[in-house]
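The figures here come from the full heavy-atom set of this structure, side chains too, leaving out hydrogens, waters and symmetry mates. Computed from a prediction, not measured in an experiment: that's the story for all the values here.
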Amino acid sequence: MLHVADLRCEYKINPMGLDVRRPRISWKLKSEARSVVQKAYEIEVSESPDFGSVLWSSGPTESEQSVHVELSGLNVVSRKRYHYRVRVWDAGGEASAWSETAWFETGVLDRSEWIAKWIGVDKPEEQGKTRPDTYEERTPLLRRSFRVGQGVKRARIYATALGLYELELNGARVGEDYFTPGWTSYKHRIQVQAYDVTAMLQAGENAIGAMLGNGWYKGPLAWKDHYCIFGNRQALFLQLHIEYEDGTEQTIVSDESWRTTASQILMSEIYHGETYDARLEIPGWSRPGYDDGQWDAVAIVEQSNDVLVMQENDPVRKFEEIRPIELIKTPLGETVLDLGQNMVGWLRFKVRGEAGSEVVVHHAEVLDKDGNFYTANLRAAKQEIHYILKGGEVETYEPRFSFQGFRYVRLTGFPEPIRLEDFTGVVLHSDMASTGSFACSDPLVNQLQHNIEWGLKGNFLDVPTDCPQRDERLGWTGDAQMFIRTAAYLRNIAPFFAKWCRDLAADQREDGGVPFVVPNVLDDNSHSSSAWGDAAVICPWTIYLCYGDKRILEEQYDSMKAWVEYIRKQGDDEHLWNTGFHFGDWLGLDSKPDTYIGATDRDYIATAFYAYSTSLLRKTADVLGKREDEAEYAGLYRSIVAAFHREFVTPSGRLSVPTQTAQLLGLMFGILDDKAKPRAEKKLLELLEESKFHLTTGFVGTPYLNHVLTAIGRSDAAYKLLFQQDYPSWLYQITKGATTIWEHWDGIKEDGSFWSADMNSFNHYAYGAIGDWLYRSVAGIDTDEQAVGYKKIHIRPEPGEGLDWAEGRLDTMYGEVRSYWKREEDGSMELEVTIPANTTAEIRLPNADLKTASESGSRLDEAEGVVSAREAEDGVALSVGSGQYRFVWRLHETFI
């Protein structure tokens, strides 16, 4: 039976506060039959959930499209809920029933509708200050009372802030989101959150309150001790719209009628933590009836409303709770909790003691080789919580406006006996839907997969950060583009990266240069390194590939083009990039002593990425139908490749840069000709043999290493690299107890000492890009570039020595794709595959032949759902429709 499920609007289930004038919806087809393809669909939109009257209808529309279907012709208006449903027909003419009803609700679409004022605390002495004299800066509270009549039909709050904010209404917290309004390029874009507060209101007296924090807006950022980068005054902006059953509307806004006072939070910063004095709590401050007569008047803060946009990405929320596994007394006599997992969030704790006594919590990722608490790698970040007790009953506390990266917690001042059950690690990250998983027969590789996923959790807190613990936590562009394809397997990252890409475009220089970090908080000279700035092109293209999202290419095209044109203007030769600063193969192991930059020539890397970004820009122009640009950048690409050969390839075809990374970039980006390509393949293998199959690559080369080896038919070498357990290798970290990916291959050395103190993160996802190879090659799940978003799926597993089985699952926009292979005791191979409805797949059975391969006991050419089967160079190639399949075959030759 055919039915429609999992309706989404702009990737989201029943989104509220949507800031999209041309909404798109997606759905999945469910059927037990094989080879199900949608032939037509019909969509209806109504203002009522019972569809008593239809506002808009597509009518029966002949199309296979079930992803990102634009509701063309529907003119949406602000603050309205639209209900929609879908039905489909398959190729055989079977019709589904109408789907369950879904909805989306628009936010404020027109800037003229913003009537609130920005309000804050009157602090004229702060004007022009770049740093507070002390961390003792109490967080402000703001409130106002208002009356509500009978018969409330619907109530919505639209709120944002300069800084961070939390709302309370009638004494209860509003929403489940944290670190609102999120981190954007505040000078250009500030997100507004929408909340349904209908059930929180009461007839008669009501009260609304807000607490503000410095956050990224006003607090210190980066390692240069810079404060107030975006502004020096916190402020709240809020509109509450109440609709009554009789059709009337009441609006409550932030304005001069609000009152303010200092809160019990004495200090709150992203890097440094919080200081909380429970004695200063104000009971009932956000409840009706509280007397705020002694509070101060708020101040009006000057801020343009032109920068306001409704919430775009997924909000930060609480997801998991981790209990400590051990209480440690260190050799120095300190009391330390081990949570067993390097995590990001905060510690919730219970404590009881005398009023005025203070407990302190410090956070760290590791212990040193002697077993003592280690914080030197945090640099200036304090990561500490100070809590002053009010006394009496047991008190429970957790931070509001600060997060920490940690596994270990040092406790000071807590009364004995200390009980593990009084402490809980609360994991926070952006609310991205989980989409992929990987498992195999090797426990160390499974732990590697675990570490990759936890690296994502820790560093995808509103922006893709490099690390979550030291005085950095910035949206480094290079790290983001290196990891984005791996991330797209584990989570639905499309809204997350779409928001970040818009900030990249907003912060992009007039000449097209791209800052090292987005949002940009560094100086004017910190921009436009190769492999970092290329995120402007690589990230939108990757989202398009993985989600079939053409709109992100439309939105980002000018930014993509500006970046390529920026490179084109550098230096004397528009086809080479041999000027400016570049990070090179950052942290490459072939670097010179006392330097972070690998041995690969930086001009080589820059020109290779110039060619790669130009090739992606040409493809983007093709997708968008920009024929003149496509021809222009096709020609530019050919010229760059020719210049690359003149500069870096000898007449005999040898690359002039003899490093692992140099060979990898030339091969991965397809910029080597028929003479240079085999020589680069040979040289790469020679270099690996010289290093006894250990990598010497850094941030730039590592993501491509195993992909290239597989592409040149040497998956055996890729597996050798994967399974190495001594330094340097992915599994070395695991033998040292890592639960996330490290910044350095030898963050902890064999003798237990550390690589360095100044730059040694133990939660740094860049090297987790190996996950992309695990998913796309070991499990074998990939999309087709000509039918993106997994409309056409490739299942091409690469079994290798050392694994008996491997399984990958990926929930695509069409449904779940599964690839599971294993070796049987009799020497045969088995592959189980799931292909979702409304897609097709190309499946390769490695080292199989048609004589010995079968599908559920049937010959391949007779199997249901198998469209075609043929002998291929490396096995049997199959074309199949949707369904579940089980293939078994005998190996036709010795299998590596």
Side-chain angles (χ1 to χ4, degrees), residues 1-9 11 13 23-46 51 54 56-72 74 83-102 435 546-550 781 783-784 786-795 809-819 832-843 855-856 858 860-869 878-887:
M1 183 176 179
L2 181 67
H3 68 279
V4 177
D6 198 13
L7 271 64
R8 295 174 183 253
C9 179
Y11 295 100
I13 299 173
R24 301 169 300 170
I25 66 171
S26 303
W27 60 88
K28 296 173 183 174
L29 275 61
K30 302 290 184 180
S31 175
E32 297 298 322
R34 284 182 169 179
S35 300
V36 173
V37 177
Q38 176 183 294
K39 182 180 181 181
Y41 66 78
E42 183 174 12
I43 306 168
E44 289 187 344
V45 180
S46 173
F51 288 83
V54 175
W56 179 91
S57 174
S58 67
T61 302
E62 190 167 325
S63 172
E64 288 188 14
Q65 187 178 0
S66 58
V67 171
H68 306 310
V69 179
E70 187 175 305
L71 304 180
S72 301
L74 175 65
H83 300 84
Y84 67 96
R85 61 184 182 180
V86 179
R87 62 178 174 181
V88 302
W89 290 263
D90 66 16
E94 179 184 354
S96 72
W98 283 108
S99 67
E100 292 185 359
T101 299
T435 53
C546 295
Y547 302 97
D549 192 337
K550 184 178 176 181
I781 298 174
T783 188
D784 191 298
Q786 302 306 313
V788 294
Y790 299 92
K791 175 64 172 172
K792 183 176 180 180
I793 299 156
H794 290 281
I795 303 292
R809 294 176 181 265
L810 177 60
D811 189 13
T812 72
M813 298 292 289
Y814 296 93
E816 184 183 73
V817 178
R818 175 177 178 258
S819 172
E832 295 179 5
V833 174
T834 300
I835 304 300
N838 207 30
T839 68
T840 59
E842 292 290 327
I843 299 174
E855 198 281 301
S856 297
S858 301
L860 294 181
D861 56 0
E862 297 177 352
E864 178 189 356
V866 176
V867 178
S868 67
L878 309 170
S879 295
V880 304
S882 64
Q884 294 183 338
Y885 300 87
R886 178 177 176 269
F887 302 100

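- A distance of 5.0 Å separates OH in Tyr885 from CZ in Arg34, rounded to the nearest 0.5 Å.
- Dense packing is recorded around CD of Glu70, with more than 12 heavy atoms of other residues, nucleotides or ligands lying under 6.0 Å away.
- Side chain of Ser46 to backbone of His83: no donor-acceptor contact under 3.5 angstrom is found.
- A heavy-atom distance below 4.5 Å is found between the side chains of Lys791 and Tyr814.
- At least one donor-acceptor pair closer than 3.5 Å links the side chain of Ser882 to the backbone N or O of Ser35.
- Using a 4.5 Å cut-off on side-chain heavy atoms (C-beta onward), Glu64 and Asn838 make contact.
- In this structure, Trp98 and Glu42 approach most closely via the heavy-atom pair CZ3-O, 3.5 Å.
- Taking a 6.0 Å sphere around CD of Glu816, one finds it holds more than 12 heavy atoms contributed by other residues, nucleotides or ligands.
- Put simply, the side chain of Thr783 gets close to the backbone of Tyr790: a donor and an acceptor are under 3.5 Å apart.
- Here the straight-line distance linking atom CG of Leu878 with atom CG of Asp861 works out to 10.5 Å at 0.5 Å rounding.
- Under the 4.5 Å side-chain criterion, counting only non-hydrogen atoms from C-beta, Glu62 is in contact with Lys39.
- Ile793 is listed as a side-chain neighbour of Pro836, based on a closest heavy-atom distance under 4.5 Å.
- You'll find the side chain of Ile43 reaches within 4.5 Å of the side chain of Trp27, heavy atoms only.
- Counting only distance, with no hydrogens or angles, the side chain of Gln38 and the backbone of Ser63 share a donor-acceptor pair below 3.5 Å.
- With hydrogens and angles disregarded, a donor-acceptor distance shorter than 3.5 Å links the side chain of Trp56 to the backbone of Ser72.
- A salt bridge links Asp549 with Arg24: the distance from a Lys NZ or Arg NE/NH1/NH2 to an Asp or Glu carboxylate oxygen falls below 4.0 Å.
- Looking at Asp811 and Arg809, no side-chain N of the basic residue comes within less than 4.0 Å of a carboxylate O on the acidic one, giving no salt bridge.
- Considering CG of Leu71 and SG of Cys9, their distance stands at 7.0 Å, rounded to 0.5 Å.
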Could you list the donor-acceptor pairs under 3.5 angstrom formed between side-chain atoms of residues 862-869 and any protein atom two or more places apart in sequence or on another chain?
residue, atom, partner, partner atom, Å
Ser868, OG, Ser879, OG, 3.4

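- Between the side chain of Ser99 and the backbone N or O of Val86, at least one donor-acceptor pair lies under 3.5 Å.
- Within the 4.5 Å cutoff, the side chain of Tyr41 has no heavy atoms near those of the Val4 side chain.
- Looking only at side-chain heavy atoms (C-beta outward), Arg818 and Gln884 stay at 4.5 Å or farther from each other.
- Using a 4.5 Å heavy-atom threshold, the side chains of Ile795 and Ile781 count as touching.
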